[in-house]
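Numbering of ligands and ligand atoms starts at 1, following listing order. Computation of the quantities below employed the complete heavy-atom set of this structure, encompassing side-chain atoms and omitting hydrogens, waters and symmetry-equivalent molecules.
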Amino acid sequence: MIQIQELKKSALKEISAAGSLEELEKAEIKYLGRKGELTLILRSLKDLPVEERKKIGPLAQQLKKELEELFNKKSEELKTKTYNLKPVLDITKPGKKIKIGHLHPLSKIEEEIRNIFLSMNFSVVEGPEIEDEYHNFDALNIPKDHPARDAWNTFWLKLTDYKRQTTNDGRKLLRTHTSPMQIRYMETHNPPFQIIVPGRVFRYEATDASHEINFYQIEGLMVGKDISLANFKFIIEEFFKKFFGREIEFRYRPSYFPFVEPGVEVDIKFKNKWLEIMGAGMVHRKVFESVKYNPYEWQGFAFGMSLERLTMIKYKVDDIRLFYSGDLRFINQF
Ligand code: FA5
């Protein structure tokens with residue numbers, strides 16, 4: 001019994017002295033471990049005479065229970081203490097890099113193109129995506145019965161889609177090209193000027209590797225005295241040099257758009273095939289007449305190019321649909 005009392009005394013002392021979980025564990029092993037002091041006493045009970053066993057047995061069991069409780073309590077105490085000691089914020093640690101995303105490749109390229117034209121003294125203007133028939137077609141010399149209207153498969157808006165439908169300027173639609181901004185700009189500004197108009201356009205047509213139903217165009221318009229197609233060639237070739245930063249193979253092809261005369265198209269060699277990237281030409285006199293410019297006094301060139309196709313060529317992207325797929329494996333490469 002004396003041995004048990006001594007053991008209790010020293011165990012209590014060690015428990016209260018333990019300053020860390022490791023120290024506490026050592027003490028626990030010392031008394032309650034497989035070869036612990038109290039364990040040995042409990043194990044030797046069976047060798048004692050019955051009378052003594054009856055006295056010492058319960059005492060030893062009681063002490064075991066007591067000590068177990070004390071060890072547990074102290075262990076909880078030490079754990080909370082260690083946890084509270086941990087600094088919440090270590091300002092000396094190097095910071096974690098936060099993922100903040102980045103611009104979509106098309107936004108990046110659009111900005112690049114804006115900057116190139118700004119450096120050539122062009123201004124950047126924007127216009128409405130919901131247009132009317134007059135600006136999208138009529139004023140651009142594409143009257144209602146003109147077969148060229150078929151070239152632009154149009155998303156027409158119903159009255160219920162768009163309440164402020166007016167009759168003066170015809171039915172409302174999603175603009176099929178950025179050219180209506182030629183009209184809007186000339187209606188409100190006097191020449192000379194040079195502008196580009198980046199913006200989204202919509203076409204009701206089947207998609208494939210080089211066609212989308214919504215895509216971006218960059219319209220260009222330069223009006224002044226004695227402007228000729230040579231000015232267009234110079235500006236566009238200068239743009240190619242700055243944009244691609246390398247030699248590219250391109251060609252001009254005669255073409256037809258009702259709002260230019262003469263009209264051309266520009267193709268760039270991409271993966272051994274010609275990819276059409278823009279329509280262009282000298283502003284048609286009918287267009288100048290619809291904005292009340294004197295066609296004998298002013299000349300101009302206009303162009304409309306595809307942002308996606310330029311980006312495809314620059315970054316060797318095979319399929320235009322990837323830009324709108326939302327596939328992060330693609331987007332994160334830019
Ligand atoms: C036009 O939209 C004319 N407004 C361009 C223009 C402006 C001509 C000023 C003359 C003067 P077009 O429909 O060809 O033309 O489209 C212009 C360019 O957009 C094409 O050369 C082509 O590169 C691109 N494009 C046309 N349709 C799609 C489409 N569905 N998806 C992606 N790009 C397209």
Phe122 and Phe117 aromatic ring geometry - parallel, tilted or perpendicular at 30°/60° bounds: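 Aromatic pair Phe117/Phe122 classed perpendicular.
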
Please identify each residue that fulfils salt bridge (Lys or Arg N to Asp or Glu O under 4.0 Å) with Glu110, with sequence neighbours left out. Arg114

Please determine whether residues Met222 and Tyr185 belong to a single hydrophobic cluster, defined as Ile, Leu, Val, Met, Phe, Trp and Tyr linked transitively by side-chain heavy-atom distances below 4.5 Å.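 In one cluster with Met222: Tyr185, no.
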
Taking all heavy atoms of Met120 and all of Ile235, pick out the closest pair and write down the distance.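 Taking every non-hydrogen atom into account, CE-O, 3.9 Å.
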
His135-Glu187 side chain donor-acceptor pair, cut-off 3.5 Å: yes

Any side-chain donor paired with an acceptor under 3.5 Å for Thr176 and Asn153? no

Can you pull the residues with any heavy atom under 4.0 Å from ligand 1? Trp152, His177, Ser179, Gln182, Arg203, Glu205, Ser210, His211, Glu212, Phe215, Gln217, Glu219, Phe257, Phe259, Val260, Glu265, Glu276, Ile277, Met278, Gly279, Ala280, Ala302, Phe303, Gly304, Ser306, Arg309, Ile320

